[in-house]
2 protein chains.
Amino acid sequence: MRDDRFCNSNCPFTRAIGTIGNKWKPIIINVMGTRTMRFGQLDAIVPHISRKVLTEQLKELEEDGLLERLAYKELPPRVEYRLSEKGLAFLPILEHIKEWNLKYEVATIPKATDYKYAG
Amino acid sequence: MRDDRFCNSNCPFTRAIGTIGNKWKPIIINVMGTRTMRFGQLDAIVPHISRKVLTEQLKELEEDGLLERLAYKELPPRVEYRLSEKGLAFLPILEHIKEWNLKYEVATIPKATDYKYAG
DNA sequence: TATTCTGGTTACCAATGGGTAACTACAAAT
DNA sequence: ATTTGTAGTTACCCATTGGTAACCAGAATA
């Protein structure tokens, strides 16, 4: 789900989009914030994600240096994730996106067909 | 390619990701910048995109209020696109992403297998 | 002895993404 | 009469994404 064509671009912006330009990664980074979280927690909190996809995304985020993974050799296993410096530096950008959305998002006007019994 | 589950979230950030959280839209917005552009121009400049996908993305961006579409009733047809106020307000965020990438991106270390004739 | 707990991995399947090529309209140019 | 040019739309098809469910280790618990 990385896009290699983008990741190999000579434009830094395009490369950035090639690595974090999907819906899951910003959501995961936003959920983590400054917290240290375990796999099961993320699975429970990130909306609509399956474990398979969560695993993939976490692996790529680690490979791209956005988060750190700490595996404890215990049984049952315990793994903790937390954002790296690079990942933490991305948080303000997500905050800007939130503010941008709040400022400009148009309130959805329900269509007539949304009412089962229009008065 | 909007994600309705995200668009209907009660979290403004999640909604934002639901609408602009894919790889094509940030790329398109970045390419347009403050320019007014025609369909054919975008098709030529946006890397790796097909006309079909470009059409879809432009339509969604217009529906979400990020850009304005001006169709001239001529033959052959002429259509111009430009970012709306909401779209323009997104540009600084893309600029931050670019700076973030420049600052933190790790230089790719070519693997040995990348060389056909390793010396 | 069977169950639980965690963080995955794997196989299988359905849904989606996205590419290509053909087609449209109509005027102007060749 | 045919080609060219624009901005799409449509049909068709393949590749990728992503979901579900089963399975794993191995200690602790019932």
Side-chain angles (χ1 to χ4, degrees), chain A residues 1-9 14 17-28 31-32 35-64 67-82, chain B residues 1-9 14 17-28 31-32 35-64 67-82:
Chain A
M1 56 238 23
R2 273 199 222 94
D3 190 316
D4 287 337
R5 301 170 306 182
F6 285 12
C7 291
N8 295 328
S9 164
T14 303
I17 295 301
T19 53
I20 50 89
N22 71 19
K23 63 185 173 217
W24 294 118
K25 287 174 186 169
I27 295 281
I28 292 172
V31 160
M32 293 192 67
R35 292 184 282 183
T36 293
M37 295 186 74
R38 298 182 58 178
F39 181 83
Q41 276 183 288
L42 287 165
D43 185 33
I45 295 179
V46 176
H48 306 297
I49 203 167
S50 71
R51 299 213 310 213
K52 177 187 172 186
V53 173
L54 180 56
T55 302
E56 290 168 357
Q57 299 297 313
L58 290 173
K59 189 183 293 178
E60 289 189 3
L61 285 171
E62 191 198 356
E63 286 173 0
D64 292 331
L67 60 77
E68 288 155 13
R69 179 180 188 275
L70 291 167
Y72 298 86
K73 296 199 184 311
E74 302 173 356
L75 273 163
R78 182 159 63 101
V79 180
E80 291 183 345
Y81 295 93
R82 66 171 177 217
Chain B
M1 56 226 25
R2 273 199 223 93
D3 190 317
D4 287 337
R5 300 169 307 182
F6 285 13
C7 292
N8 296 327
S9 164
T14 303
I17 295 301
T19 54
I20 49 90
N22 70 19
K23 64 185 169 215
W24 295 117
K25 287 174 185 168
I27 294 281
I28 292 172
V31 160
M32 295 191 65
R35 292 185 282 184
T36 293
M37 295 185 75
R38 298 183 58 180
F39 182 83
Q41 276 182 288
L42 287 166
D43 186 32
I45 295 178
V46 176
H48 306 297
I49 203 167
S50 71
R51 300 218 309 237
K52 177 187 171 187
V53 172
L54 179 57
T55 302
E56 290 168 356
Q57 300 296 313
L58 290 172
K59 189 184 292 178
E60 289 188 3
L61 284 170
E62 192 199 356
E63 288 172 359
D64 292 332
L67 60 78
E68 289 155 11
R69 181 180 187 275
L70 290 167
Y72 298 87
K73 298 202 181 310
E74 304 172 354
L75 272 163
R78 182 160 62 101
V79 181
E80 292 181 347
Y81 296 92
R82 66 171 176 218

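Numbers restart at 1 for each chain; the letters A, B, ... are given by sequence-line order, proteins then strands.
- Rounded to whole angstrom, the span from the NZ atom of A:Lys73 across to the C1' atom of C:dG8 amounts to 14 Å.
- In this structure, CD of A:Glu80 is placed 16 Å from C1' of C:dG8, rounded to the nearest angstrom.
- The distance from atom CZ of B:Arg2 to atom C1' of C:dG18 is 18 Å, rounded to the nearest whole Å.
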List, one per line, each side-chain donor-acceptor pair under 3.5 Å for residues 40-59 of chain B, sequence neighbours excluded.
residue: B:Gln41; atom: OE1; partner: B:Arg38; partner atom: N; Å: 3.0
residue: B:Ser50; atom: OG; partner: B:Val53; partner atom: N; Å: 3.3
residue: B:Thr55; atom: OG1; partner: B:Arg51; partner atom: O; Å: 2.8
residue: B:Gln57; atom: OE1; partner: B:Asn22; partner atom: ND2; Å: 3.2

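- On the nucleic acid side, DNA chain D has its first and last nucleotide under 4.0 Å of a heavy atom of chain A at D:dT17 to D:dG26, going 5' to 3'.
- In this structure, NZ of B:Lys25 is placed 13 Å from C1' of C:dG17, rounded to the nearest angstrom.
- The separation between A:Leu54 atom CG and C:dT6 atom P is 15 Å, rounded to whole Å.
- For B:Arg69, the side chain to side chain donor-acceptor pair (under 3.5 Å) partners are B:Tyr81, not counting sequence neighbours.
- Under 4.0 angstrom from either OP1 or OP2 of C:dG18 there lies no side-chain N or O belonging to A:Arg5.
- The stretch residues 41-50 of chain B touches DNA chain C through B:His48, B:Ser50, each having a heavy atom under 4.0 angstrom from the strand.
- Axis deviation across the helix from C:dT1-D:dA30 to C:dT30-D:dA1 amounts to 30°, comparing end segments of five pairs, rounded to 10 degrees.
- Put simply, CD1 on B:Ile28 and CG on B:Leu67 are 8.5 Å apart, with the number rounded to the nearest 0.5 Å.
- Within the model, atoms CZ of A:Arg82 and CZ of A:Arg35 stand 15.0 Å from one another, a figure rounded to the nearest 0.5 Å.
- With rounding to whole Å, A:Arg78 atom CZ is found 9 Å from C:dG7 atom P.
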With sugar-phosphate taken as primed atoms, P, OP1 and OP2 and all else as base, the protein-contact string of nucleotides 25-30 of chain C at under 4.0 Å (heavy atoms; B, S, -) is -B----
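- Across the interface with DNA chain D, nearest-nucleotide mapping of B:Gly40 and A:Lys52 shows B:Gly40 to be the residue nearer the 5′ end.
- Listed by chain and number, the residues in a salt bridge (Lys or Arg N to Asp or Glu O under 4.0 Å) with B:Glu80 are B:Arg78 (sequence neighbours excluded).
- Rounded to whole Å, the distance from CZ on B:Arg51 to P on C:dG19 is 13 Å.
- Within 4.0 Å of B:Tyr81, counting heavy atoms only, lie sugar-phosphate atoms of the nucleic acid but no base atom.
- Proximity note for B:Trp24 (side chain, C-beta onward) versus C:dG19, C:dG7, C:dT9: the nearest is C:dG19.
- When the ring pair (Phe, Tyr, Trp, His ring centres under 6.0 Å) test is applied to B:Phe39, no partner is found at least two apart in sequence or on another chain.
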Check residues 1-9 of chain B and write down every donor-acceptor pair under 3.5 Å in which the side-chain atom is one partner and the other belongs to a residue at least two apart or another chain.
residue: B:Arg2; atom: NE; partner: B:Asp64; partner atom: OD1; Å: 3.4
residue: B:Arg2; atom: NE; partner: B:Asp64; partner atom: OD2; Å: 2.9
residue: B:Arg2; atom: NH2; partner: B:Glu63; partner atom: OE1; Å: 2.6
residue: B:Asp3; atom: OD1; partner: B:Arg5; partner atom: N; Å: 3.0
residue: B:Asp3; atom: OD1; partner: B:Arg5; partner atom: NE; Å: 3.2
residue: B:Asp3; atom: OD1; partner: B:Phe6; partner atom: N; Å: 3.4
residue: B:Asp3; atom: OD2; partner: A:Lys23; partner atom: NZ; Å: 3.0
residue: B:Asp3; atom: OD2; partner: B:Arg5; partner atom: NH2; Å: 2.9
residue: B:Asn8; atom: ND2; partner: B:Asp4; partner atom: O; Å: 3.1
residue: B:Ser9; atom: OG; partner: B:Cys11; partner atom: N; Å: 2.9

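- Between A:Lys59 atom NZ and C:dG7 atom C1' there is a gap of 12 Å when expressed in whole angstrom units.
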